[in-house]
Amino acid sequence: MQNIRNDSSVSIWQATTTLPAFPPLESDVETDVCVIGAGIAGLTTAYLLTEQNQKVVLIDAHCIGSGETGRTTAHLFPPDEWYHNIEDHFGAEHAALVANSFSKAIDLVESIIKKERIDCSFERLDGYLYAYSEKDFKSIEKEFNAARKAGVTVQKLEQVPGISFTTGPCIQYSNQAQFHPLKYLNGLTEALVRNAGIVHCGTRALKIEGDKSMQIVSTDGGKIKAKSVVVATNTPFNNKLVIHTKQAAYRTYVIGVRVPKKSVPRILMWDTGDPYYYVRLETPDSESDSEILIVGGRDHKVGQDDHPEHRYDEIEQWVRDRFPMAQSVEYRWSGEIMESADGLAFLGHNPMDDNNVYVITGDSGNGMTHGTLGGMIITDLIMGRNNPWTSLYNPARKAIHGISDFVTEQANTQAQYTDWLKGGQVASVQEILAGQGAIVQDGLHKWAVYRDDQGELHAVSAKCTHLGCVVHFNSAERSWDCPCHGSRFDTNGKVLHGPASTPLAPVDLELNKT
């Protein structure tokens, strides 16, 4: 068994869970399905396929739950895109399909928990969207009408009930849910193994190649021959351009604040602001006289804030301005979300690939729901069954419904390549303080140099191994983050988050003096 310690920040889920460890792949194997990624998307898919008597091999570059599932706020509530936007972009019929898919995803999570007897604090709750300011009152009205038309059980209220500050008008969405995501993964993993699923941790997928009858996944420990491959790595490493031009990577920030028990109602809550804040409650210990108020928000594009620590402070201030019972901050962590141009996830066949290669990505702030949906859709595709949501979430769809966001995001990405025309951030590595990193120019080359707390320098190439952007240092996580497509690397160049699948090249500063 091993505890997860992925970055310098630790979520409440990581701090309160021990997950099983599995040995890395050490030889070639053959199976029906290879699933890559051991978060909620990969484990749900693997579990559902073994329930259909499919032979499954699940691999992860790190360990169970070491990715974004352990860094979520684990809410199961309506789409971030809002129903009225979905109706405007796709039509009322598609909005109803989205509502149905979200409801069925929560039902599936609940049914798996009951069937497999998973102790993960699953709880049905009401969710509340409230107007951040008076200018959003009309949006609340529009969203209420669209949600009701889509078949969602909603009410419009003048105030979120039981909250210590004035929220103004809000929408109540009935029968939403929350849970402990890593305890859920623990239960899914146990069920998968009982179903004869095979799991290998510490096994990074490097390449997928084959044809419509068989694919070969090359890893750093052997090759996996599979009839189908599912890439459930938050963002696909096997797709260089198509998916990455239709979604953008963002960091989101979360704090866990201790509050007296029963001083905050057990609800889900989020606002219409930009940036917006989302709130839930967690009770880590039933015997305690306090609970943890979990509040997230203050998103920004990955790699485009070198010193994001202020975002934690801003969230804390927001909490203290509204929740006078707030006590100490017990947890601070951040996570990565993939925002699709049109607000819907990409779940299904990987574009421009054989029909037996699938992706689950574009979580758009609803990773627990979309990860579950991806498993449902792809299981049906592999088993040759019809699924009512296949077309809706098709990864090959064009971004015509979010064209303005698409253009803006692509312009932002292209602008990041101008970093190659700029000089280094410091004239010499001697200027880099302990615990900090900087880009150092050496002729035509750029090095990413980090000085650890003991004063030792760690130097790697600053060129992202995905599509060549210059990485930026993230002082909050002590990582090198790519501002183009969201890849992240540790200070020794090891991949923390794709789409990059290979590490940053090491640099010998003695041979490359600045």
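For this chain, numbers begin at 1 and follow the sequence in order.
Under the side chain to side chain contact (heavy atoms under 4.5 Å, CB included) criterion, A205 pairs with I36, I59, V217, F237, not counting sequence neighbours. Partners of P23 according to the side chain to side chain contact (heavy atoms under 4.5 Å, CB included) rule, which considers only residues two or more places apart in sequence or in another chain, do not exist here. By the ring-ring contact (aromatic ring centres under 6.0 Å, His included) test, H84 is found to be paired with W82, residues two or more places apart in sequence or in another chain being considered. By the salt bridge (charged side-chain N to carboxylate O under 4.0 Å, His left out) test, D481 pairs with R488, sequence neighbours left out. Evaluation of the side chain to side chain contact (heavy atoms under 4.5 Å, CB included) rule for T153 yields S174 as partners, not counting sequence neighbours. Remark: R266 engages E123, L125, Q178, L281, T283, E291 in a side chain to side chain contact (heavy atoms under 4.5 Å, CB included) (not counting sequence neighbours).
For the atom pair OG1 (T235) and CD1 (I243), the distance works out to 8.0 Å, reported to the nearest 0.5 Å. Taking CG from D32 and CD from Q54, the interatomic distance works out to 4.5 Å, rounded to the nearest 0.5 Å. Atom OG1 of T272 sits about 6.5 Å away from atom CG of L129, to the nearest 0.5 Å. The CD1 atom of I12 sits 9.0 Å away from atom OG1 of T17, with the distance rounded to the nearest 0.5 Å. For the atom pair N356 CG and S213 OG, the distance stands at 7.5 Å (nearest 0.5 Å). Atom CG of D88 is separated from atom CD of E81 by 9.5 Å, given to the nearest 0.5 angstrom.
Counting heavy atoms from C-beta outward, L381 and N387 have side chains that stay 4.5 Å or more apart. Proximity of E68 to M338: side-chain heavy atoms (C-beta onward) are nowhere separated by under 4.5 Å. Using a 4.5 Å heavy-atom cutoff, the side chains of V460 and F489 are not in contact. A heavy-atom distance below 4.5 Å is not found between the side chains of Y278 and L268. The shortest distance between side-chain heavy atoms of V231 and I208 falls below 4.5 Å. At a threshold of 4.5 Å between non-hydrogen side-chain atoms, the residues L48 and L108 count as touching. At least one side-chain heavy atom of T45 sits under 4.5 Å from a side-chain heavy atom of I360. Side-chain contact between Y253 and S9 is absent, with no heavy atoms from C-beta onward closer than 4.5 Å.
Checked against the 6.0 Å centroid criterion, the rings of F473 and W480 qualify as a close aromatic pair. Aromatic ring centroids of H300 and Y250 lie 6.0 Å or more apart. Checked against the 6.0 Å centroid threshold, W13 and Y184 do not count as a close aromatic pair.
Here D107 pairs with R124 in a salt bridge; the nearest charged N to carboxylate O distance falls below 4.0 Å. Ionic pairing of R251 and D305 is not present here: no N-O contact between side-chain nitrogen and carboxylate oxygen is shorter than 4.0 angstrom.
Q247 and T361 form a side-chain donor-acceptor contact under 3.5 Å, judged by distance and modelled atom types alone.
A donor-acceptor distance shorter than 3.5 angstrom exists from the side chain of N474 to the backbone of E477, with no hydrogens or angles considered. Side-chain N or O atoms of T50 include none that pairs as donor or acceptor with a backbone N or O of N53 at under 3.5 Å. Judged purely by atom type and a 3.5 angstrom limit, T203 uses its side chain to pair as donor or acceptor with the backbone of C201. Here the side chain of K183 pairs no donor or acceptor atom with the backbone of T16 at under 3.5 angstrom. R280 places a side-chain N or O within donor-acceptor distance of the main-chain N or O of T73, the cut-off being under 3.5 Å. A donor-acceptor contact shorter than 3.5 Å is absent between the side chain of T44 and the backbone of T372. No donor-acceptor distance shorter than 3.5 angstrom exists from the side chain of T69 to the backbone of G65, with no hydrogens or angles considered. Using modelled atom types, one side-chain atom of N366 and one backbone atom of P78 make a donor-acceptor pair closer than 3.5 Å. Using modelled atom types, one side-chain atom of E143 and one backbone atom of Y83 make a donor-acceptor pair closer than 3.5 Å. At distances below 3.5 Å, not a single donor-acceptor pair connects side-chain atoms of K149 with backbone N or O atoms of A95.
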Please step through side chain to side chain contact (heavy atoms under 4.5 Å, CB included) for the pair L97 and F90, ending with a clear verdict. CA-CA 10 Å; L97 274 176; F90 294 92; over 6 Å; no
Working note: E282 + H180, criterion side chain to side chain contact (heavy atoms under 4.5 Å, CB included); need CA distance, chi angles, decisive distance, verdict. CA-CA 9 Å; E282 175 68 8; H180 190 304; 4.1 Å; yes
Walk me through it: do F179 and M368 pass the test side chain to side chain contact (heavy atoms under 4.5 Å, CB included)? CA-CA 10 Å; F179 63 161; M368 301 300 94; 3.9 Å; yes
Starting from the C-alpha separation in whole Å, work towards a yes-or-no answer on side chain to side chain contact (heavy atoms under 4.5 Å, CB included) for I86 and L344. CA-CA 9 Å; I86 296 171; L344 299 186; 4.2 Å; yes
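The neighbour count for D119 CG, taken as heavy atoms of other residues, nucleotides or ligands under 6.0 Å away, does not exceed 12. More than 12 heavy atoms of other residues, nucleotides or ligands sit less than 6.0 Å from atom CG of D211. Heavy atoms from other residues, nucleotides or ligands lying under 6.0 Å from CE of M383 number more than 12.
Of all the heavy atoms in R71 and S334, the pair that sits closest is NE-O, 2.6 Å. A pairwise comparison of heavy atoms in N394 and F346 identifies O-CD2, 4.3 Å as the closest pair. Of all non-hydrogen atoms in G70 and S11, the two that sit nearest each other are O-OG, 2.6 Å. Here the closest heavy-atom approach between residue P79 and residue V98 is recorded as CG-CG1, 4.1 Å.
Applying the side chain to side chain donor-acceptor pair (under 3.5 Å) test to every pair with at least one member in residues 93-102, sequence neighbours left out, gives these pairs: N100-W389, S101-Y393. Within the structure, salt bridge (Lys or Arg N to Asp or Glu O under 4.0 Å) contacts touching residues 185-208 (residues at least two apart or in different chains) are E116-R194, K207-E209. For residues 354-378, the set of pairs meeting the salt bridge (Lys or Arg N to Asp or Glu O under 4.0 Å) definition, not counting sequence neighbours, is empty. Within the structure, the salt bridge (Lys or Arg N to Asp or Glu O under 4.0 Å) test picks out the following pairs touching residues 373-384 (sequence neighbours left out): D380-R385. Listed by first and then second residue, the salt bridge (Lys or Arg N to Asp or Glu O under 4.0 Å) pairs involving residues 34-43 amount to none (not counting sequence neighbours).
The aromatic rings of H485 and H466 sit perpendicular, their planes meeting at an angle over 60°, well past the 30° parallel limit.
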Taking distance alone, no hydrogens or angles, what donor-acceptor pairs closer than 3.5 Å link side-chain atoms of residues 492-501 to residues at least two apart or in another chain?
from : atom 1 : to   : atom 2 : distance (Å)
N492 : OD1    : H458 : ND1    : 2.9
H497 : ND1    : E336 : OE2    : 3.4
H497 : NE2    : N234 : OD1    : 2.7

